[in-house]
Every structure is written in structure tokens, then in C-alpha cells.
Chemist: 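Right, I'll just put the structure down here and ask away after.
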Amino acid sequence: ATAAVGAGSSGAAGVSGSSAGAMAAAAAGGAGAAPKLSDLFKPPPGLAFTGDWESAVAQAAQQGRWLLVNVQDAEEFATHRLNRDTWGDSLVQDMLRGTFVFWQVRW
């Protein structure tokens with residue numbers, strides 16, 4: 001589940017994308033070596049805010065940005081697809097970095 005929190009209007013727009021680049025990057029780990037499944041579905045490095053909820057809220061308020069929260073469940077495959085296909089997409093990442101403080105949490 002993903003939610004946006006901020007001052008302004010309520011609600012959030014959905015975004016989708018694909019990330020062949022994430023798969024190619026994972027595959028580039030070794031010549032001829034098959035990529036690890038865990039590498040294909042891990043969250044993109046450096047995208048999510050690291051810290052607790054209160055710190056994420058404070059950071060968003062300080063920067064005047066929306067806080068986009070992504071609650072993940074390791075048992076739910078859709079969670080892993082979000083990391084690979086949506087959050088791993090360079091266009092989505094650029095939009096997130098320019099507009100949101102992005103915070104992921106495991107449930």
C-alpha cells in the first residue's frame with residue numbers, strides 16, 4: 001500500500017513504470033552469472049528516506065514536500081514488484097526525488 005501525506009489536497013496519483021534497467025544492472029553483476037532473485041527485487045539504493053516516521057514527517061515539512069509512504073510486506077509478491085518495476089524506474093525516481101520525501105517501511 002502506498003499513501004501520500006502533506007499539506008494541500010488529499011489523495012495521491014498512481015504511477016507505474018517498468019525497469020528493464022534494474023534487471024540489466026542486477027544481471028551485470030558477473031559475466032555469464034545469473035542475477036540473484038533478491039537483487040532483482042530489492043529497493044533502489046538511495047531512494048527512500050532512512051529514519052523513523054517522525055523524522056520522515058519532519059524532513060517533508062522542512063523541505064515543503066509531500067511524504068510518500070510505501071508499506072511493504074515481504075510475504076506479498078506485489079511489494080517486490082513495486083521495488084523492481086515502479087520504484088526502480090528512473091523516471092519515477094526522478095519524479096520522487098523532485099517532489100516527495102519517500103519512506104518505505106516493512107510491515
Side-chain angles (χ1 to χ4, degrees):
T2 303
V5 178
S9 66
S10 61
V15 211
S16 65
S18 70
S19 181
M23 287 192 276
K36 292 183 196 172
L37 193 58
S38 61
D39 289 339
L40 289 175
F41 294 99
K42 68 182 179 183
L47 182 63
F49 176 81
T50 55
D52 61 13
W53 167 254
E54 289 81 14
S55 300
V57 170
Q59 181 79 9
Q62 178 186 16
Q63 293 179 353
R65 296 179 180 213
W66 287 88
L67 175 60
L68 181 64
V69 177
N70 176 227
V71 180
Q72 301 211 330
D73 179 355
E75 301 297 315
E76 182 64 43
F77 186 67
T79 288
H80 303 289
R81 275 197 326 252
L82 268 173
N83 285 335
R84 183 194 65 190
D85 298 338
T86 304
W87 312 133
D89 183 89
S90 62
L91 232 126
V92 172
Q93 289 180 19
D94 290 345
M95 187 265 313
L96 287 175
R97 286 188 178 106
T99 310
F100 297 93
V101 170
F102 179 61
W103 186 63
Q104 279 188 321
V105 63
R106 296 245 182 237
W107 184 261

Chemist: For the residue pair Met95 and Phe100, establish whether any side-chain heavy-atom pair is separated by less than 4.5 Å.
Modeler: yes
Chemist: Just so I know, are the side chains of Leu47 and Arg97 near enough to count as touching, which here means a heavy-atom distance under 4.5 Å?
Modeler: yes
Chemist: As an exercise, state the distance from OG1 of Thr99 to CD of Gln63, rounded to the nearest 0.5 Å.
Modeler: 11.5 Å
Chemist: Do the non-hydrogen side-chain atoms of Thr79 and Phe41 ever get within less than 4.5 Å of each other?
Modeler: no
Chemist: Mind checking whether Asn83 and Gln104 have side chains closer than 4.5 Å, heavy atoms only?
Modeler: yes
Chemist: Can you tell me how far apart NE2 (His80) and CD (Glu75) are? Round to the nearest 0.5 Å.
Modeler: 7.5 Å
Chemist: For a 4.5 angstrom cut-off between non-hydrogen side-chain atoms, does Leu82 reach Asn70?
Modeler: yes
Chemist: When clusters are formed by joining ILVMFWY residues with side-chain heavy atoms under 4.5 Å apart, either directly or through shared neighbours, do Phe102 and Leu91 land in the same one?
Modeler: no
Chemist: To the nearest 0.5 Å, how far apart are CD in Gln59 and CZ in Phe49?
Modeler: 5.0 Å
Chemist: Just by distance, do the side chain of Ser55 and the backbone of Gly51 share a donor-acceptor pair under 3.5 Å?
Modeler: no
Chemist: Taking the side chain as every heavy atom from C-beta outward, state whether Val101 and Leu68 have any pair of such atoms under 4.5 Å apart.
Modeler: no
Chemist: Taking the side chain as C-beta and beyond, is there a heavy-atom pair between Trp107 and Gln72 under 4.5 Å?
Modeler: no
Chemist: Measure the shortest side-chain to side-chain distance between Val69 and Trp53 over non-hydrogen atoms and say whether it is less than 4.5 angstrom.
Modeler: yes
